[in-house]
There are 2 protein chains.
Amino acid sequence: MPRRRASHSMESVITEAVAILDEAGSAALTFRALAGRLGGGVASIYWYVDNKEELLDRATDHVIGDVLGDIARREATEDPIEDLRTSAVMLFDAVTARPWLASYLLRNTDLQPNALRLYEHLGQQVMRLDLPPRETFHALSAVIGYVIGTAADLGQQPPAEVLEGQTTREEYLGRYAERWRESDPQDYPFLHYVVEEFDGHQDADQFSAGLDLVLAGLRLQADR
Amino acid sequence: MPRRRASHSMESVITEAVAILDEAGSAALTFRALAGRLGGGVASIYWYVDNKEELLDRATDHVIGDVLGDIARREATEDPIEDLRTSAVMLFDAVTARPWLASYLLRNTDLQPNALRLYEHLGQQVMRLDLPPRETFHALSAVIGYVIGTAADLGQQPPAEVLEGQTTREEYLGRYAERWRESDPQDYPFLHYVVEEFDGHQDADQFSAGLDLVLAGLRLQADR
DNA sequence: ACCTGAACACCGTTCAAGT
DNA sequence: ACCTGAACACCGTTCAAGT
């Protein structure tokens, strides 16, 4: 008995694409897998999106819509940098939870209106520092670059073994730390100096500390 | 007449892989293209590397070897932060010139000994600030995260049309700027405030300004 | 307007066989 | 020890045909 003619919608296509990405990561999102989930044929998807790039841009914007909602709902405090910090951490957490996001976020704002709104929202917080346009633009670029860049970096870190649950993140870090300890202290004084910090560190702490440096620099500039 | 039996070497495999990456980008590096360049069969490459991941890790480390040489050759000044800045800019320039680098750099230091040496070298400059291990580790993480993250971000920016020479970067930025100007100033005050800075901006300036923020924050921490 | 199966031109990777 | 062609199991994308 042949399958009945399926019926989709842009909404369902994007929702199911996000579901695949969340459950199994970037590599698992194929047109065939998506079609299977939607209960239809592969070619149907091409009626909604022109190609895979557009599919990923739309999937990205879809989840950024939620993130933007969470970020925008927060009340502003009297300290713009504190608000910027809160937003940056929320964005970082969202990207960390969905490592596939980092590679596509803000790539094409035509297909990502929510990402553009997020950009605007963060920019408005920087504007409150009353810096000239150039410094304002650069400050937001720095914060966004740091957040997305670091999240992308950390997001791709865990190799297959960790993802498959054969090893924990701690063991994985520990193995690397062990190699650092075995290196020649003459040649690698830095590795030896920081190895105990590296071993067992939390990505979120590392991110947070770096963000504080950027924001401290920004505060200095704003107070001048 | 059948082709003569080809003879490769790890060196030639990696060199030609880098050549393909430099000339035509990430997508152009296929085992078939590489085999064609080496004048042999596809399967031969698998005698040298286990899979494509290893090929890319080795290609990355190969070019990082040169970058490390350039960076390490510079004389140290009396200001560690100035030296860190110089190194960071050199690394950024190298990654910008080879956008494919960003995604693989420091991904697997077992296969990237030069990348580990580069990490150590930058770390040693941070060490001169005499911060405790934790702050030292976080400071280097922040700088590396910012440099690689921003370079990766900027490196993927130009869409196909620009790469194919159908449009210049300026026109591309200009088209986006035009859309910013057409947006509602009530809803997008930030876009309007910075649009003239965005239009025609140089990536290197944007990077440099953000790096200054990170380093200003670091200097503040070191002087405490 | 929307969906379909089948085909096309690619991939990375494996393998049994050669030199 | 090193190289080979052919095959395998996948991809994204297209297309002519259906409803």
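In what follows, every heavy atom counts, from backbone to side chain, and hydrogens, waters and symmetry copies are set aside. Order of the sequence lines fixes the chain letters, A, B, ..., with proteins taken first and strands second; residue numbering starts at 1 for each chain.
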inquiry  = So for atom CZ, which belongs to B/R74, do other residues, nucleotides or ligands contribute more than 12 heavy atoms lying within a distance under 6.0 Å?
reply    = no

task = Round to the nearest Å and state the distance from A/N51 atom CG to D/dC11 atom P.
result = 18 Å

request  = For B/K52 and C/dT13, give me the distance from atom NZ to atom C1', rounded to whole Å.
outcome  = 12 Å

request  = Looking only at side-chain atoms of B/R32, point me to the closest of D/dG12, D/dT4, C/dT13.
outcome  = C/dT13

remark   = Against the side chain of A/A6, the closest entry in C/dC3, D/dG12, C/dT13 is C/dC3

message = Of the options D/dG12, C/dC11, D/dC3, whose atoms approach the side-chain atoms of B/S44 most closely?
response = D/dC3

inquiry  = When both hydrogen-bonding distances must be under 3.5 Å and the geometry is Watson-Crick or G-U wobble, what is C/dA1 paired with, if anything?
reply    = D/dT19

note = Among D/dT4, D/dC3, D/dG12, the one nearest any side-chain atom of A/Y46 is D/dG12

task = Measure from the side-chain heavy atoms of A/W47 and tell me the nearest of C/dT13, D/dC3, C/dC2.
result = C/dC2

request  = Verify the contact: side-chain N or O of A/S7 to OP1 or OP2 of C/dC3, cut-off strictly under 4.0 Å; return yes or no.
outcome  = yes

query = To the nearest angstrom, how far is B/L56 atom CG from C/dT13 atom C1'?
reply = 15 Å

message = Looking at A/R58 and A/D61, is there a salt bridge between them, counting it only when a charged N and a carboxylate O are closer than 4.0 Å?
response = no

task = Assign B/L55 to base, sugar-phosphate, or nothing according to its heavy-atom contacts below 4.0 angstrom with the strands shown.
result = nothing

ask   = Of A/S9 and B/A28, whose closest DNA chain C nucleotide lies nearer the 5' terminus?
value = A/S9

query = Under 3.5 Å, is there a donor-acceptor pair between the side chain of A/Y48 and the main chain of A/H8?
reply = yes

key: A/F198 and A/W180 aromatic ring geometry - parallel, tilted or perpendicular at 30°/60° bounds   = parallel

ask   = A/L34 near the nucleic acid: base, sugar-phosphate alone, or nothing, with a heavy-atom cut-off under 4.0 Å?
value = nothing

B/R181 with B/E178: basic N within carboxylate O range, under 4.0 Å = yes

ask   = In whole Å, what is the span from the CD1 atom of A/I45 to the P atom of D/dT14?
value = 13 Å

Rounded interatomic separation in angstrom, taking CG from A/L29 and C1' from D/dT13 = 15 Å

request  = Report the base-pairing partner of D/dT13 (Watson-Crick or G-U wobble, both distances below 3.5 angstrom), or none.
outcome  = C/dA7

key: Nucleotide D/dC11, atom P - distance to CZ of A/F31 in whole Å   = 12 Å

